[in-house]
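What follows is a single structure, written as structure tokens, with notes after it.
Computed from a prediction, not measured in an experiment: that's the story for all the values here.
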Amino acid sequence: MLHRILAGATAVLLIVMPIGKVPCACSDDFVPVNTQPHDESPLSPNEAIQQLTVPPGFEITLAAAEPEVQQPIAITYDDRGRLWVAESYSYNGSKFTDEPHDRILIFEDTTGNGVLDRRTVFCDGLTHLTGLEIGFGGVWITAPPHLSFIPDKNLDDVPDGDPIVHLDGWSLKAEHNSVNGLDWGPDGWLYGRHGIKQPSRVGRPGTPAEQRVELSCCIWRYHPIEHQFEVVADGTINPWGLDFDEHGEGFLTTSVVDHLWHLIPGAHYERWKDRGTHPDPYAYELMSATCDHLHWASGQFDKQSRVAAGNLDHGGGHSHCDAMIYLGGRWPSQYHGALMMSNIHGRRINCDRLLLDEIGYRGIHEKDFLVANDPWFRAVSMEYGPDGDVHLTDWSDNGECHDRDGVHRTSGRIYKISWGSPRRVSVDLQNASDERLVEYQTHHNEWFVRHARRILQERAAAGNDMSHADEMLRQMFQESDHSVVQLRAIWALHAINRFDESWLNELLINPNEHVRCWALRLILEKDTVSQSTLHEIESLAKRDRSGLVQLTLASSMQRIPVGKRWPTLLPVAERSDRWQSDNLQRMIWYALEPEVASDPAAALNRLDHVSSVIRRWIARRITEMPGDEFELIFDKLDRTHRSEIMADLLEGFNQSSAELKTLSSESIATIERLIRHPNADVRLVAVTTGASVGGERTIQEFRTLLHDSATGLETAQGILSGMVRRDVNGLQDDLKRLFTSGRLVVPALQAAATLKASSLVQSVLDRYPHFDDAEKSAAIDFLTSRKPNAKRLLDAIEQKTIPPSALSAEQARQVRAFNDVDLTKRLEKLWGSIRPSPEDRLTQIHQWEQKLTTVALEQTDLTRGRYLFKQHCGNCHRLFGEGETIGPDLTGSNRGSLHYLLSNVIDPSASVPIDFRLAVVLTLDGRVVTGILAGRSASGLTIKTARETVNLPDDEIESFDLLPQSMMPDGLLDPLSDREVRDLFAWLMQDAKIEKPSSK
């Protein structure tokens, strides 16, 4: 189930923990030290503000700057409208130190001119500080390994004591992907974010390891009263922004992958394009993004107009930070509900318009709201306040998350962006009556709504009598015909715990889809749900045509016990008009998968009512179950007359990563019958199934078809795939025939790597001169897959029948993975060094910075550079729409910075997310496979190499290591001449705005 509770209200364990040498002291005498080169510094604050451009009618005020504020990593407002700022001096350029100098400041504009003229140090002595939020008589902070609370019950701006740790276990090795960002959700929970770099194991202090929640890239939430913790949704890469629209729907922004995602509880989002890897081996397919565009010149969308058009023309790049959905009520109506995010590479604030249609939400690109002509501009946080205007922080550093040449700690700015002139709105909601707080639920500025709702929640938690507030809120709901006001009343009633299940059930027939969605969510917030309520939810599923409600139903079913989900899921799943909604199908599957595992026969009996993709997943899940449940699939194949169901069941069976099944004679007869089925789709998938599990007569028929030039390539590929999976007798001879014929050479070479067959090595070496470029690369992959093969390859290089340049850096590292001293010595003699020392890397970076001058980069051959990119980088990276997506799309990266590119090419393992670490697998028969761990199931591993996906059963694996180094190899530039390096980097940096750090 989705809801993973760590501790109930009756079992609360809180630990008071000093964080620094002088916990929560309020000194102001710390002098930070810059680690950036001394000759590099930003523009002065007054100069920098002149480089910012916003739409006509807006004004920008320098609200605060160094030395009053430095390293502003997060901001929030208190209930008096004052700005609280977290300063993170422990951040050291991708990593954090343990130095206890982080602090929290309070700023106030006492005159209304936009300048924050009053400043208070609330506390210092902190470390690893990444986020803060106000509420419940104190300040909540994320400071790994803790989520802590600093009490200030009397609100005198002096901590009442040391921080109280509510959760621990956040990773200290996540670097810039650390836990961060705190926001109150409309449901009264505290929401936060976590990146992909390293997983965390989170729990209440003292929670045993086996009871902790493991999480990596995700959105999580924590209840401040009931002390419950759960992962809301996981995936993306680094979710660095989160906000809620006026209907309470959450949206998160992220980096590297697509930038905008609709927050759906229980969702598993893509962690990487074309990689289905997920900790749950049965997720099968991951949720796609909400945006219909990219903020960089990639070929993914609208290829002709975007490729090589220039990142700055499309939004700047793929690194995004923070999210703010403007609901402040002061700015022009065109900005109401607009989602804004900082684009770090683009030095700007992107703006997306959120649109809900029958399929779901889409983020539509609007004109960038702010553009900075300042290479040091690094917007980190945006918040609108009680005046309806926005404070924006500027980290003010010329590096970013992969920057390892130092941090400029003595800089930092806060800008006030106002519609017209700044103004001061005097407010103190803590002293407002309950009646007034209820009235604020209709305020045009969402800031008042959210702060007032949280204070009502605090008062209810303190035991105050909330009956009058209850009455007012119910009246507000009844009298309003505006769904936003109705939702606010619902959320406030939920916050003060004043409505029952029956009233929520009535809301399930409300005419507004958002009200129905929230009624459903809040009903299932409870630990137990009555049978009568389940019937109401089932009725909702049968009658409701809203795509948003159906998505919410699929999401919410993860909270229902297994065995009770089908009655609600089936009406949603059988809506054929929604089958084109991929994300809805995925959400249905996440709730349905445990039901399939619990009762596979019942699932097979419902195939007529679900989409094609869910049918395939049902068959795949049953195939991957232990025992002989998979025979139920072939029984179903005998009982159905629908060809589309047959094709889906066989496709699901073939997609299974489980070990090869031994079928009954009846099932084999079924397969041999379907091979001759009149429907071409059925025949095609049956061929692959038959080749892997069919009888000997079938194999001989297939062998003839495989080598018949009249057989279609798709059919031949299916036959070969099944024969390889089965490892049929005589397969080596089949592969030799394919090498010679020139038919299916690359798949045949990939198949050869799975076999321990020395006779194939000579065949490959003999045919090597006749292979094309793709086939030669696959041949080298085969020759580096086993130690004896690698020795023969090095012999061929010594004999000059294969040139050393035929080995890529990645393939050279594959040879080194055998850990054979003599083999490595021969390799380094023939090819070059693979593991330069850290000092060598720094020297190499510096040397290339001197060589790759602006003049040198202008005197290059871009055609040659493009070829070199495809040869050395394109197997993993995409640029201008060309290449693969195993690694980041370089089009949206910081290509304007030569230092950035050189650092990541020459020293690729300096900063590696766990999902991109090098996986090295040694099989029992001596094969080595290196790549990225793309999946792990109960039966084996899936490794994605630069050219193929390899499934390895557990019973064939001798050892598996996940190394602390990147899949991108060292020594990438070593085989290249100076001219070739210049050409390559000119192509990499083409159309990027090359920027040099400013010096003052």
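Between Val33 and Arg409, the shortest heavy-atom contact is O-NH1, 3.0 Å. Annotation for Cys217 and Ile196: closest pair SG-CG1, 3.8 Å, computed over non-hydrogen atoms. Gly192 and Leu182 get closest at one heavy-atom pair: CA-CD2, 4.4 Å. Heavy-atom minimum distance, Pro45 versus Leu62: CB-CD2, 3.6 Å. Taking each heavy atom of Ile134 and Trp184 in turn, the nearest pair found is O-NE1, 2.8 Å. What you find for Val380 and Ile73 is that their closest heavy atoms are CG1-O, 3.3 Å.
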Handout entry: side-chain contact (heavy atoms from CB on, under 4.5 Å) between Asn445 and Val425, intermediate numbers included
Key = CA-CA 12 Å; Asn445 183 348; Val425 174; over 6 Å; no
Handout entry: Stepwise side-chain contact (heavy atoms from CB on, under 4.5 Å) test for Thr61 and Asn113
Key = CA-CA 8 Å; Thr61 304; Asn113 66 354; over 6 Å; no
Handout entry: Check against side chain to side chain donor-acceptor pair (under 3.5 Å), Asp117 and Thr110
Key = CA-CA 7 Å; Asp117 55 318; Thr110 64; 2.4 Å; yes
Exercise for the section: Test Thr891 against Asp889 for side chain to side chain donor-acceptor pair (under 3.5 Å), laying out the working first. Expected result: CA-CA 6 Å; Thr891 320; Asp889 187 326; 2.6 Å; yes
Practice task
Tell me, with the steps shown, if Leu147 and Val179 meet side-chain contact (heavy atoms from CB on, under 4.5 Å).
Solution key: CA-CA 9 Å; Leu147 169 70; Val179 59; over 6 Å; no
Problem - Intermediate values then yes/no, side-chain contact (heavy atoms from CB on, under 4.5 Å), Ile344 and Arg378 - result: CA-CA 6 Å; Ile344 295 177; Arg378 295 290 184 279; 3.5 Å; yes
Problem - Ser90/Asp102 under side chain to side chain donor-acceptor pair (under 3.5 Å): CA gap, chis, key distance, verdict - result: CA-CA 6 Å; Ser90 58; Asp102 296 351; 2.6 Å; yes
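A heavy-atom distance below 4.5 Å is not found between the side chains of Thr53 and Asn373. Two residues are said to be in side-chain contact when any heavy atoms from C-beta on lie closer than 4.5 Å; Met341 and Phe251 fail this criterion. Taking the side chain as every heavy atom from C-beta outward, Phe30 and Pro100 never approach each other to under 4.5 Å. Counting only heavy atoms from C-beta outward, the side chains of Ser381 and Thr393 approach each other to under 4.5 Å. Ser418 is listed as a side-chain neighbour of Arg330, based on a closest heavy-atom distance under 4.5 Å. Inter-residue side-chain proximity for Thr127 and Glu99 is flagged as unmet; no heavy-atom pair is nearer than 4.5 Å. Side-chain contact between Trp140 and Thr76 is absent, with no heavy-atom pair separated by less than 4.5 Å. When side chains are defined from C-beta on, Asn398 does not count as touching Pro375, because their heavy atoms never get closer than 4.5 Å.
Below 30°, between 30° and 60°, or above 60°: for Phe369 and Trp331 the angle between ring planes is below 30°, a parallel geometry. The aromatic rings of His295 and His259 sit parallel to each other, their planes meeting at less than 30°, with 60° as the upper class boundary. Using cut-offs of 30° and 60° for the angle between ring planes, the Trp376 and His408 rings count as perpendicular.
Looking at residues two or more places apart in sequence or on another chain, you find a ring pair (Phe, Tyr, Trp, His ring centres under 6.0 Å) between Trp84 and Phe122. With sequence neighbours excluded, the residues satisfying ring pair (Phe, Tyr, Trp, His ring centres under 6.0 Å) with His318 are Trp296, His345. Applying the side-chain contact (heavy atoms from CB on, under 4.5 Å) rule to Arg119 yields the partners Asp28, Glu68, Arg103, Leu105, Phe107, Val121; only residues at least two apart in sequence or on another chain are considered. Partners of Pro145 by side-chain contact (heavy atoms from CB on, under 4.5 Å), not counting sequence neighbours, listed by chain and number: Leu172. Every residue meeting the side-chain contact (heavy atoms from CB on, under 4.5 Å) condition with Asp98, not counting sequence neighbours, appears here in chain and number order: His128. Residues passing the ring pair (Phe, Tyr, Trp, His ring centres under 6.0 Å) test with Phe985, sequence neighbours excluded: none.
Going from atom OH of Tyr89 over to atom OG1 of Thr410 covers 9.0 Å, rounded to the nearest 0.5 Å. Expressed to the nearest 0.5 Å, how far SG of Cys291 lies from CH2 of Trp261 amounts to 7.5 Å. A distance of 6.0 Å separates CG of Asp109 from NZ of Lys416, quoted to the nearest 0.5 Å. Taken to the nearest 0.5 Å, the CG atom of Leu252 stands 11.5 Å off from the CG atom of Asp183. Separating the CG atom in Leu862 from the CG atom in Leu857 is a distance of 10.0 Å, to the nearest 0.5 Å. The line from OG of Ser255 to CG of Asn343 is 8.5 Å long, rounded to the nearest 0.5 Å.
Between the side chains of Asp352 and His293, at least one donor-acceptor pair of N or O atoms lies under 3.5 Å.
One N or O on the side chain of Ser200 and one on the backbone of Ser171 form a donor-acceptor pair closer than 3.5 Å. No side-chain donor-acceptor contact under 3.5 Å links Asn238 to the backbone of Trp240. Side-chain N or O atoms of Ser411 include one that pairs as donor or acceptor with a backbone N or O of Ser396 at under 3.5 Å. A distance-only check finds no donor-acceptor pair linking the side chain of Gln51 to the backbone of Ala372 [under 3.5 Å]. In this structure, Arg982 contributes its side chain and Gln859 its backbone to no donor-acceptor pair below 3.5 Å. Put simply, the side chain of Asp78 gets close to the backbone of Arg80: a donor and an acceptor are under 3.5 Å apart. Side chain of Asp258 to backbone of Ala289: no donor-acceptor contact under 3.5 angstrom is found. Using a distance-only test at 3.5 Å, with no hydrogens or angles considered, no donor-acceptor pair links the side chain of Ser178 to the main chain of Ala174. Between the side chain of Asn350 and the main chain of Gly315, a donor-acceptor pair closer than 3.5 Å is present. Within the 3.5 Å criterion, the main-chain N or O of Asp322 finds no donor-acceptor partner in the side chain of Ser342.
Between Arg424 and Glu108 there is a salt bridge, with a side-chain nitrogen of the basic residue lying less than 4.0 Å from a carboxylate oxygen of the acidic one. Salt-bridge formation is not detected for the pair Asp374/Arg347: no Lys NZ or Arg NE/NH1/NH2 atom is positioned less than 4.0 Å from an Asp or Glu carboxylate oxygen. At a threshold of 4.0 Å, the pair Asp243-Arg450 counts as salt-bridged, since one of the basic side-chain nitrogens sits closer than that to a carboxylate oxygen.
For the side chain to side chain contact (heavy atoms under 4.5 Å, CB included) criterion with Leu392, the lone passing option out of Leu52, Ile75, Leu370 is Leu370. Here the options are His391, Arg82, Glu383, Glu133, the test is side-chain hydrogen bond (donor to acceptor under 3.5 Å, both in side chains), and the partner is Tyr77; only His391 passes.
Taking the six-membered ring for Trp and the full ring otherwise, the centers of Tyr335 and Tyr384 sit at least 6.0 Å from each other.
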